[in-house]
Number of protein chains: 2
Amino acid sequence: MPVHVPRQVDHKARRDQIAEALLDIVASQGLEAISVRAVAAQAGVSAGRIQHYFANKDELLAYAIEYQDWLVQQRWNEQTWPEGEPTPREALRWVLLETIPGDDRRRREWLVGVAYLIRMLANPKLRALYVDGLPRLYQLLADLVRMAQEAGDIAPDRDPGMEAELLFGLADSQGPPVVLGLRSPEQAAAAIDYYLDHLFQ
Amino acid sequence: MPVHVPRQVDHKARRDQIAEALLDIVASQGLEAISVRAVAAQAGVSAGRIQHYFANKDELLAYAIEYQDWLVQQRWNEQTWPEGEPTPREALRWVLLETIPGDDRRRREWLVGVAYLIRMLANPKLRALYVDGLPRLYQLLADLVRMAQEAGDIAPDRDPGMEAELLFGLADSQGPPVVLGLRSPEQAAAAIDYYLDHLFQ
DNA sequence: GTTTTACCAATACGAACGTATTGGAAAAAG
DNA sequence: CTTTTTCCAATACGTTCGTATTGGTAAAAC
């Protein structure tokens, strides 16, 4: 039972600031460029501070990707709609556009996801981030298609599962060309809108 | 003018053997795991040999991805069809299935492509590998759709450009789930066949 | 045989790495 | 004030890195 309790700082804020610096480096230079000293320099803190908050480099790398996952979930949870509930089409469009690396934030998330992918193969904890999320996304898309069908906005002979595959593939495949500057985010969004126009009656 | 010419080895074969080792490491452990010594060990040669054939690490990394690109092009060029020219549908199916990381070779190619992606952002030479190839692939898919339309096998109201987008997206989005073991190569192929069945009349 | 030089194994070297260790500042409780 | 403990800057240590350098081997030309 401690009698003397010294000051306490906000641990999560400290860790998150360090994770932010790490994610910036990963997105621009890849995982190869990550060193404790490089992250410290990017974050504007001492390497000692990083050692104080993370036992080793692996833990630091794991925290950063989980932090990014948390950031994305925050954004999805906090998404509010100006006028009540969105229609299935509005929700569908929002989800699909969300995956396009169109602004700095999403571009960083996309590149970090790519950079961590090979690590996921051998690391079950990292793998779970992808393996858990992907089927839920497919399910969400299929459900939205089904809802639009029931409302009569999509032809009843369309298969929701197949449409979910097509929609996800269409959105997902915009990533590389957009990130590489081969296609603008607006062009990518236009491709999705074009297909939505055909899908919805 | 050299009077004495000592023995010459097959330079390309030597470089390719080293590139093979590098690609194996990249696919299984990522670019972070690449060091001259690690590649030498994987290839079963001395580090001195690698130094002899590559001026520095960057040149080694550049050669390896160009070598992989060459391998892929070789396979595409050497593709022969058992009975004369393939139908557009057969060609379409072959191209789409080709992108799925279903066997060890394609799985390695897929993972290496992912690993190099961030490097492409800042490196024009690497960028060109992607930037040149992607539009040509879209064009090929759209042309095949158009040919099938002219043969009356696809409904004339389908837009070849949009169908090329959908087909590529569908095939491309199979990569992550297949590589992560979330979906079998057979399931990925089935998804493509299912859509082709709907596209073709 | 001698000579020449491509080939490459081995070693060396300085820089950068992950991390263990040390020491001190600073805030809260008594 | 003193005490306690968190926080972290600084330094040190052993390893690994990219690459420069050295030296020797062996095949081809003469």
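Chain letters run A, B, ... following the sequence lines, proteins first and then strands; every chain starts at 1.
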How is B:L60 classified with respect to the nucleic acid when contacts are heavy atoms under 4.0 Å: base, sugar-phosphate, or nothing? nothing
Within the structure shown, what part of the strands sits under 4.0 Å from A:I50 by heavy-atom distance: base, sugar-phosphate, or nothing? nothing
Rounded to the nearest Å, what distance is computed from the [atom1] atom of residue [X] to the [atom2] atom of nucleotide [N]?
| X | N | atom1 | atom2 | answer |
| --- | --- | --- | --- | --- |
| B:H52 | D:dT22 | NE2 | P | 18 Å |
| B:F54 | C:dC7 | CZ | C1' | 15 Å |
| B:R15 | C:dC8 | CZ | P | 11 Å |
| A:I18 | D:dC8 | CD1 | C1' | 11 Å |
| A:L61 | C:dC17 | CG | C1' | 14 Å |
| A:R49 | D:dC8 | CZ | C1' | 8 Å |

For B:F168, which residues count as a ring-ring contact (aromatic ring centres under 6.0 Å, His included) partner, sequence neighbours excluded? B:Y138
Please tabulate, one pair per line, all N/O donor-acceptor pairs under 3.5 Å involving side-chain atoms of residues 18-30 of chain B, not counting sequence neighbours.
residue : atom : partner : partner atom : Å
B:E20   : OE1  : B:R108  : NH1          : 2.8
B:E20   : OE1  : B:R108  : NH2          : 3.3
B:E20   : OE2  : B:Y67   : OH           : 2.6
B:E20   : OE2  : B:R108  : NH2          : 3.3
B:D24   : OD1  : B:R108  : NH1          : 3.0
B:S28   : OG   : B:D24   : O            : 3.0
B:S28   : OG   : B:I25   : O            : 3.3

Can you check nucleotides 19-21 of chain C for protein contacts, nitrogen or oxygen pairs under 3.5 Å, and list what you find?
residue : atom : partner : partner atom : Å
C:dT19  : OP2  : A:K57   : N            : 2.8
C:dA20  : N7   : A:Q51   : NE2          : 3.1
C:dA20  : N6   : A:Q51   : OE1          : 2.8

Taking only N and O in the side chain of [X], is any of them less than 4.0 Å away from OP1 or OP2 of [N]?
| X | N | result |
| --- | --- | --- |
| B:H11 | C:dC7 | yes |
| B:R14 | C:dC8 | yes |
| B:Q8 | D:dA27 | no |

Please enumerate all residues that pass salt bridge (Lys or Arg N to Asp or Glu O under 4.0 Å) together with B:R119, with sequence neighbours excluded. A:E32, B:D58
Using the salt bridge (Lys or Arg N to Asp or Glu O under 4.0 Å) criterion, which residues pair with A:D10? Sequence neighbours excluded. none
Per atom distances to the B:S35 side chain, the nearest of D:dC17, D:dC7, C:dC7 is D:dC17
Identify whether the distance between the nearest side-chain nitrogen and carboxylate oxygen of B:R107 and B:D104 falls below 4.0 Å. no
Carboxylate-amine/guanidinium contact A:E109 A:R75, below 4.0 Å: yes
Is there any ring-ring contact (aromatic ring centres under 6.0 Å, His included) pair reaching into residues 12-34 of chain B, and which pairs are they, with sequence neighbours excluded? none
